[in-house]
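Every chain is numbered from 1, with letters handed out A, B, ... down the list of sequences. Computed from a predicted structure; not experimentally measured.
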Protein chains: 2
Amino acid sequence: MEEKKIKEILHQAGLKYTPGRAALIAFLWETSRPLTQEEISLGLKGSGLNKVSIYRALDSFLQAGLVHRIESGDRVWKFAFCGCGSRGHCHPHFICRSCGKVECLTKMHLPEVAAADQGYVIEEQEVYFKGLCPGCS
Amino acid sequence: MEEKKIKEILHQAGLKYTPGRAALIAFLWETSRPLTQEEISLGLKGSGLNKVSIYRALDSFLQAGLVHRIESGDRVWKFAFCGCGSRGHCHPHFICRSCGKVECLTKMHLPEVAAADQGYVIEEQEVYFKGLCPGCS
DNA sequence: CACTAAACGCAATTGAGTTGCGTTTATAAT
DNA sequence: ATTATAAACGCAACTCAATTGCGTTTAGTG
Ligand SMILES: [Mn+2]
Ligand SMILES: [Mn+2]
Ligand SMILES: [Zn+2]
Ligand SMILES: [Zn+2]
């Protein structure tokens, strides 16, 4: 992603532009798959942020609706860039039980939620498909 | 739940009958809502199992398909009794963003999964609705 | 250039869940 | 009933992803 676009995204979210955040966004963008903090740290190598700063940047991105957060069963969060603006999820995710990889199924859209029982207000939904990915099946 | 039924469930799962496990199953059964280890400990008071033993019992129940496990966003697992036998989930869950309560939407059934892209094997799905429960809306 | 709030790095902390290990108990064979 | 054995249990110590505190640096504004 071009620096200009990243500057625009951060500015629109009311966040300061920093080299670390730019690298983080670019990396999430090009990977286009939910990543753990550790994967991000490895991917960014020296040019990147501190572990704590990665979590804090991702938190602010999450608040701003720039990323979404996945918990795929092992109590480790994964983060993916998401242009959709919604704070929730706009597509289902696939989780491979063998290699643990998580994939955004961006081609699929979540159905409009049918009104639930009386009194319930449904604001967002989260859908996971679990099984084996092409590499593992 | 009657003791006889619990004995039968445990035997069928290849697990020993113990007072602690019986109390655990009975409590999950009567609560019929996903509970954390801490909630279970509080609910069972003195008559119950040690924290570690609760986790170990729940693990074996999970393997046997007697319970299912929910991760509702705060990195704390919740467990609910589930007679359906499947190791996965047979219904969606509702998560209240205000009070944190989780509910099994047993009246709703998960749709048959449409065959995904080539190579993917979908074994189970997990569906969460997030919003406000009747008490919080 | 000066100012300020936001962002950052490091070290220490938190807490849900796990592991090791010695003891107890359910279950089935004798 | 007695014994044998594997499963279940309790306690203490541990793991490790994520958080917090705090002093320092930096981006953005004027
Ligand atoms: Mn996604
Ligand atoms: Mn349920
Ligand atoms: Zn895989
Ligand atoms: Zn609520």
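Annotation for A/Leu62 and A/Val67: closest pair CD1-O, 3.5 Å, computed over non-hydrogen atoms.
Two residues are said to be in side-chain contact when any heavy atoms from C-beta on lie closer than 4.5 Å; B/His93 and B/Leu105 fail this criterion. Counting heavy atoms from C-beta on, the side chains of B/Cys82 and B/His68 come closer than 4.5 Å.
Side chain of B/Ser53 to backbone of B/Leu49: no donor-acceptor contact under 3.5 angstrom is found. One N or O on the side chain of B/Arg21 and one on the backbone of B/Lys16 form a donor-acceptor pair closer than 3.5 Å. In this structure, the side chain of A/Arg75 does not engage the main chain of B/Glu71 through any donor-acceptor pair within 3.5 Å.
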Atom pairs, N/O to N/O, protein against nucleotides 14-18 of chain D, distance under 3.5 Å?
| unit_1 | atom_1 | unit_2 | atom_2 | d |
| --- | --- | --- | --- | --- |
| D/dA17 | O3' | B/Arg75 | NH1 | 3.4 |
| D/dA18 | OP1 | A/Trp77 | N | 2.6 |
| D/dA18 | OP2 | A/Tyr55 | OH | 2.2 |
| D/dA18 | O5' | A/Tyr55 | OH | 3.3 |

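More than 12 heavy atoms of other residues, nucleotides or ligands shown are found within 6.0 angstrom of CD on A/Glu30.
Within the 4.0 angstrom heavy-atom criterion, only backbone atoms of the sugar-phosphate kind lie near A/Arg21; the bases stay farther away.
Of all nucleotides in DNA chain C having an atom under 4.0 Å from a heavy atom of chain A, the first and last in 5' to 3' order are C/dA5 to C/dG17.
Of the residues A/Gln125, A/Glu126, A/Glu123, A/Glu124, the one that meets the side-chain hydrogen bond (donor to acceptor under 3.5 Å, both in side chains) test with B/Lys130 is A/Glu126. For the side-chain hydrogen bond (donor to acceptor under 3.5 Å, both in side chains) with A/Ser41, the lone residue among A/Glu39, A/Glu38, A/Gln37 that qualifies is A/Gln37.
Near DNA chain D, meaning a heavy atom under 4.0 Å away, the residues from residues 5-17 of chain B are B/Leu15, B/Lys16.
Along DNA chain C, the nucleotide nearest A/Ser53 and the nucleotide nearest B/Val52 are compared for position; the residue whose nucleotide lies closer to the 5' end is A/Ser53.
Side-chain atoms of A/Glu103 and B/Tyr120 form a donor-acceptor pair, as typed in the model, at a separation below 3.5 Å.
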